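To start, the structure itself, in structure tokens.
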There are 2 protein chains.
Amino acid sequence: MADKNHELRKAGLKVTLPRVKILQILESATDQHHLSAEDVYKTLLEAGEDVGLATVYRVLTQFESAGLVVRHNFDGGHAVFELSHEEHHDHMVCLESGEIIEFFDETIERRQQEIAEEHGYELVDHALVLYVRPRGSKATRQESIKK
Amino acid sequence: MADKNHELRKAGLKVTLPRVKILQILESATDQHHLSAEDVYKTLLEAGEDVGLATVYRVLTQFESAGLVVRHNFDGGHAVFELSHEEHHDHMVCLESGEIIEFFDETIERRQQEIAEEHGYELVDHALVLYVRPRGSKATRQESIKK
DNA sequence: TTCTATGCAAATTATTTGCAGCACT
DNA sequence: AGTGCTGCAAATAATTTGCATAGAA
């Protein structure tokens with residue numbers, strides 16, 4: 001736990017209850033570690049914490065700047081945040097269950113790099129999301145999960 | 001032009017002035033054919049047309065359902081629309097100029113397909129955006145264009 | 001005439017900001 | 001006391017919806 005606090009200090013953020021709690025929530029979200037600000041907020045309320053939604057947004061944004069979390073703008077209006085792993089990865093979203101699967105592919109990574117260069121650019125970042133459905137399902141892109 | 005009207009009819013949409021105008025705007029946006037609803041709205045106003053912003057959103061959404069346009073949720077809050085080309089392509093966004101470059105890469109397309117399958121899924125759609133900067137530039141992901 | 005489509009204003013959703021009070025140094 | 005942090009409410013930004021009327025078939 002001194003560990004976690006250190007992460008915050010290192011980021012130039014004071015160790016406060018909301019920040020520690022939010023970090024905990026992000027860490028303990030094992031099954032689905034992509035949470036929206038609203039998700040985090042609800043979890044806090046359920047835990048009996050008295051934290052405002054505005055603070056959740058502020059803290060998540062600070063964490064993002066500090067590199068502690070990554071913000072994703074998948075389709076569907078709201079952003080989701082995940083604790084930043086050391087290793088980069090992309091995402092696959094199941095249109096039927098809303099489940100998010102992570103993957104990493106060396107070939108794709110390399111090609112992206114090359115493509116940017118071929119066009120005279122330098123690759124800074126990228127966002128790749130595969131929208132998929134279980135084999136045989138009829139789920140379409142339109143009916144994306146609103147969750 | 002009977003051509004365009006036919007496109008609309010084929011989509012089950014009546015040929016009305018707002019729809020025809022919006023289609024024209026999308027077609028004539030040669031240099032940068034990725035327009036936000038607001039962009040389209042402004043262009044209409046400049047052209048002296050009396051069309052409401054709500055209608056622009058409604059029409060663009062209808063066009064999307066009809067497959068006439070594609071909606072992209074790049075970072076930065078607002079969606080952009082482009083006339084759907086027959087051939088699929090992905091996008092590269094220059095963090096410095098905001099310019100959007102299109103590209104297509106067979107290797108990446110194939111790998112995406114394979115990856116979905118390896119995980120037991122069927123690929124329905126995907127979104128790939130490369131955020132790039134001119135060689136030597138210092139532009140970062142954070143300061144993305146707000147345009 | 002019969003619906004569909006549109007304009008306008010009000011409603012929503014996601015997120016940000018202003019501000020007065022509290023906390024820690 | 002000083003500066004950072006927080007909750008709450010009000011402010012934005014993007015997009016959607018309700019409703020009475022104008023327009024296409």
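What you see is a predicted model, and the numbers here were worked out from it, not measured in a lab. To find a chain, count down the sequence lines: A is the first, B the second, and so on, and within it residues start at 1.
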A/Gln24 backbone acceptor or donor facing A/Ser28 side chain under 3.5 Å: yes
For D/dG23 and B/Thr16 - does any side-chain N or O of the residue sit under 4.0 Å from the phosphate oxygens OP1/OP2?
no
Give each protein N/O atom lying under 3.5 Å from an N/O atom of nucleotides 14-18 of chain C, with the pair distance.
residue : atom : partner : partner atom : Å
C/dT15  : OP1  : A/Ala79 : N            : 3.0
C/dT15  : OP2  : A/Tyr57 : OH           : 2.6
C/dT15  : O5'  : A/Tyr57 : OH           : 3.4
C/dG18  : O6   : A/Arg58 : NH1          : 3.2

Q. A/Tyr131 and B/His126: ring pair (Phe, Tyr, Trp, His ring centres under 6.0 Å), yes or no, with the steps?
A. CA-CA 5 Å; A/Tyr131 294 93; B/His126 71 260; 8.9 Å; no
In whole angstroms, the gap separating P of D/dC5 from CG of A/Leu23 amounts to 15 Å
Rounded to whole Å, OH of B/Tyr41 lies from C1' of D/dT15 at a distance of 14 Å
B/Asp50 CG to C/dA5 P, in whole Å, measures 19 Å
Rounded to whole Å, NZ of B/Lys21 lies from C1' of C/dA5 at a distance of 18 Å
Atom CZ of A/Arg9 and atom P of D/dG4 are separated, to the nearest Å, by 16 Å
query = Should the ring pair B/His88 and B/Phe104 be called parallel, tilted or perpendicular, given that the plane angle runs from 0 to 90° and is split at 30 and 60?
reply = perpendicular
Next on the checklist: Taking the basic N atoms (NZ, or NE/NH1/NH2) and the acidic carboxylate oxygens, is any pair closer than 4.0 Å for B/Arg135 and A/Glu122?
Outcome noted: no
Atom CZ of B/Arg19 and atom P of C/dG7 are separated, to the nearest Å, by 11 Å
Check your understanding: Would you call B/Lys138 and B/Glu96 a salt bridge, using N to O less than 4.0 angstrom?
Key -> no
Separation of D/dG4 atom P from A/Leu13 atom CG, nearest Å, is 12 Å
Plane angle bin for B/His89 and B/His85 - parallel if under 30°, tilted between 30 and 60°, otherwise perpendicular: perpendicular
Whole-Å distance, B/His72 NE2 to D/dT15 P, equals 14 Å
